[in-house]
Amino acid sequence: MEGSEEDHPWQSYNTVYTTAKAGMEGVDKDKVQRVVYEMSKGSKYFQNEERKEAFIKHKIDNMRLQFANLTQADLSHYQKVADRRILELEASRDLSRIWLHVDMDAFYAAVETLSNPTLKGKPMAVGSMSMISTANYEARKFGVRSAMPGFIARKLCPELIFVPVDFNKYNHYSDLTRKVFQRYDPNFIAGSLDEAYLDITEVCRERNVKSEEIAQEIRASVYEETGLTCSAGVAPNRLLAKVCSDINKPNGQYVLPNDRLAVMTFISSLPIRKIGGIGKVTEQILKEVFGINTCEQMLDKSSYLCALFSQSTADFFYSVGLGLGKTDSPQVRFRKSISNERTFSVTEDEVLLHKKLAELAEMLSTDMQKEGLQGRTLTLKLKTASFEVRNRAVTLQNYINSSEDILKHASKLLKAELPVSVRLMGLRVSQFNGEKFGATPDPRQKTITNFITSGGANRKNSSFSDVADHDFVSDTETDVSIDGRHTDQLDGRDPFDGNHSLDVNYQSCTLWKNDGAEKVQTSDNDDPSSTHSGFTEVLGSTSFQGQFEGKNVNNEFNLLEDDKLNSSCQESIMLWLDDYKCSLCGTELPPSFVEERLEHSDFHFAEKLQKEESSIHPASTPIQRIRSTESIDKANPRSKSCRIRRAGIRPLISFLLESNQSLKLL
DNA sequence: GCGGATCAC
DNA sequence: TATGGTGATCCGC
């Protein structure tokens, strides 16, 4: 870093605003950084950022210590383990698919310019003084970008024009683009309103044209239908395609051929921050602890990564270094939670807070009823005047979705926190009732598979494209699952947590009321099923395994004492032989049947639980067994349908396979 | 099951 | 004056 912190205090204020976005190459980063710092300095928001930053620094120090304490013997051991793992991952590489990622250029801003052409050529941002959603390219030249508060943007660019968001418009144009995508891949994955993944393997083969031409064609069609430009990336997997679509933005494209050497060359100099799932914090940790800046260095430092991170985290990093990513086309995804939250001017007025809570409950209930959802876990989110975020949850015995029920329980959660000075409140409901199992990402992609899994007619009219700015997406979701996993493990791996002065400071900021919290936690929750956490792990492991093509990927990964680790891993892993057959019973399920595979895992897990229980309590009566199964059902809605279907799973599978084939032929 | 945290759009 | 909203996920408790 140039200059001391005393001379240039703004340089130590780590924001996302200076990381290179398309159209911001020529920006004077130091100036932007300085303005952002000057506008923020001293604010509550800024103080909270400082607190978080100090916390990360602390974690980094601990990791450095671990790093420094590794002996030569340690390192040679970890190198062996890492090398083997990298070989296994390499063996899973799939170069048979051609993926295309489309990304609309400055989407909201472009749409607004279409409906008001006088904006053309002028710096403009969609959003408010508080927050900017999208900035056009003229504005980006000034360092204005999404996620930046408007008042700072105006400082950077005084003539900046602000346009309020209008999701009806964006939804309309998004639908137009999707009609184009559908022609090239009926199972395309909508990443959000403005991006999508298309598997163009078949189109290229059938028409015998290069992927480059398909990309040109799609972009031309999108322009023709909407008047909007987009960029495209073509690559052997989704992770790389996404990186590629950013390279020649705006209104450009980049093709990475399905060739291992080309991929490795491409990845070698690529900054890790370009990879989806590696954000500000992960970048900082990898840089400051390991000196890792490029994807290639993930492999160079593999032994250190192996030593300091968990298996799944290290796996993710290696796969980045190898340029691996998902190549399957998941057919269905289910919503797992529904929420709303609002920011308002700070208040500690209990009556006012209760009124706002009632409004949230009302809105949430409406949303849930629209989608036919009922849930049994309710979470209250508070952001205090000092920007500290608190979540407080209850899990009920029955499923709720009426505003009265929601408000009743939310009020209890809130009461336990009072008095408190709040700037945001939110409500979330999760743990849905399995029979009303929510919606698909895009109703137009409906297949026989999700017809069955969602109960067909029982599925409510959830047209997700009407849900405004948050399309419900399979890919976003799965990408997130990757980073959720590794970033969280960065936290979890700090063995010195809770023992340092910094943590004491951290905690002193919070106003934690033990008595209230305890009361709330026990009030409606008299059936804490300890089996559920194990259950979640099963699902997590299997779905994460899907990240890496999974061709006979060996999951025994011996970090320290092999036996200990294996015993905890073994039972949570479902191996799909040749990525097709269940290793336990031979049932055949191709990788695209994501949900079916999860259910299948559930089945084996439930089976295992029952076996364990009968071996632990040999005298247990049938009634006890039934009860144990029920507790699983309550904990996870999937297991019920799993149990219903186990009798006839094979006929069902073959039906699904046939249906899917014929659908693809259409 | 809960709470904190990261990440994406 | 002023730093969003929705959703997903994981780990350590």
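Computed from a predicted structure; not experimentally measured. Quick note on labels: first sequence line is chain A, next is B, and so on, each numbered from 1.
- The CG atom of A:L378 sits 10 Å away from the P atom of B:dC2 (whole-angstrom rounding).
- OP1 or OP2 of C:dT6 sits under 4.0 Å from a side-chain N or O of A:R342.
- Contact check on A:K242 versus A:E195 returns a salt bridge, with a Lys/Arg side-chain nitrogen under 4.0 Å from an Asp/Glu carboxylate oxygen.
- Side-chain atoms of A:R376 lie closest to B:dG1 of the nucleotides C:dG4, B:dC2, B:dG1.
- Looking at heavy-atom distances under 4.0 Å, A:K44 makes no contact with the nucleic acid at all.
- Rounded to whole angstrom, the span from the CD atom of A:Q397 across to the P atom of B:dG1 amounts to 11 Å.
- Figure legend: cation-pi geometry between A:K336 and A:F432 absent, as NZ or CZ is not positioned both under 6.0 Å from the six-membered ring centre and within 45° of its axis.
- Listed pair A:R390 / B:dC2 fails the phosphate criterion, with no side-chain N or O lying under 4.0 Å from OP1 or OP2.
- Distance from the side chain of A:M129 is smallest to C:dA2 among C:dG5, C:dA2, C:dG4.
- Residue A:L424 is classed as a sugar-phosphate contact, given heavy-atom separations below 4.0 Å to backbone atoms only.
- At the phosphate of B:dC2, OP1 or OP2 sits under 4.0 Å from a side-chain N or O atom of A:T395.
- Nucleic acid contact class of A:Y17 (heavy atoms, under 4.0 Å, all strands): base.
- Listed pair A:K336 / C:dT9 meets the phosphate criterion, a side-chain N or O lying under 4.0 Å from OP1 or OP2.
- The side chain of A:T343 lies closest to C:dG5 when the candidates are B:dC7, C:dG5, C:dG7.
- Taking every side-chain heavy atom of A:D194 into account, B:dC9 is the closest of B:dC9, C:dT6, C:dA8.
- No salt bridge links A:E388 with A:K383; every basic N to acidic carboxylate O contact stays at or beyond 4.0 Å.
- The nearest whole Å value for the distance from the CG atom in A:N48 to the C1' atom in C:dG4 is 15 Å.
- What separates CZ of A:F55 from P of B:dG4 is a distance of 11 Å, to the nearest Å.
- Nearer the 5' end of DNA chain C, as judged by each residue's closest nucleotide, is the contact made by A:F387, out of A:F387 and A:M363.
- The phosphate of C:dA2 (OP1 or OP2) has no side-chain N or O of A:S43 nearer than 4.0 angstrom.
- Salt-bridge check for A:E283 with A:K280: failed, with every basic side-chain N at 4.0 Å or more from each acidic carboxylate O.
- Side-chain rings of A:Y17 and A:Y37 stay apart, their centers remaining 6.0 Å or farther from each other.
- The interatomic distance linking A:N391 (CG) with C:dG5 (P) rounds to 15 Å, in whole Å.
- Distance, A:R428 CZ to B:dG4 P: 12 Å, rounded to whole Å.
- Taking the salt bridge (charged side-chain N to carboxylate O under 4.0 Å, His left out) definition, one finds that A:K44 meets it with nothing, sequence neighbours left out.
- Taking atom NZ on A:K274 and atom C1' on B:dA8, their separation rounds to 15 Å, with Å as the unit.
- Judged by the 6.0 Å distance and 45° axis criteria, A:R140 is positioned over the aromatic ring of A:Y137.
- Listed pair A:R392 / B:dG4 meets the phosphate criterion, a side-chain N or O lying under 4.0 Å from OP1 or OP2.
- Backbone-only engagement by A:T377 is indicated by non-hydrogen atom pairs under 4.0 Å involving sugar-phosphate atoms exclusively.
- Checking C:dT6, C:dA2, B:dG1 against every side-chain atom of A:R154, the shortest atom distance belongs to C:dA2.
- At a threshold of 4.0 angstrom between heavy atoms, the contacts of A:E49 with the nucleic acid are absent.
- Along DNA chain B, the nucleotide closest to A:I56 and the one closest to A:E195 are compared, and the more 5′ of them pairs with A:I56.
- What separates NZ of A:K242 from P of B:dA8 is a distance of 9 Å, to the nearest Å.
- Residue contacts for A:K383: at a heavy-atom cut-off of 4.0 Å it reaches the sugar-phosphate backbone alone, with no base atom in range.
- Distance from the side chain of A:N340 is smallest for C:dT6 among the nucleotides B:dC7, C:dT6, C:dA2.
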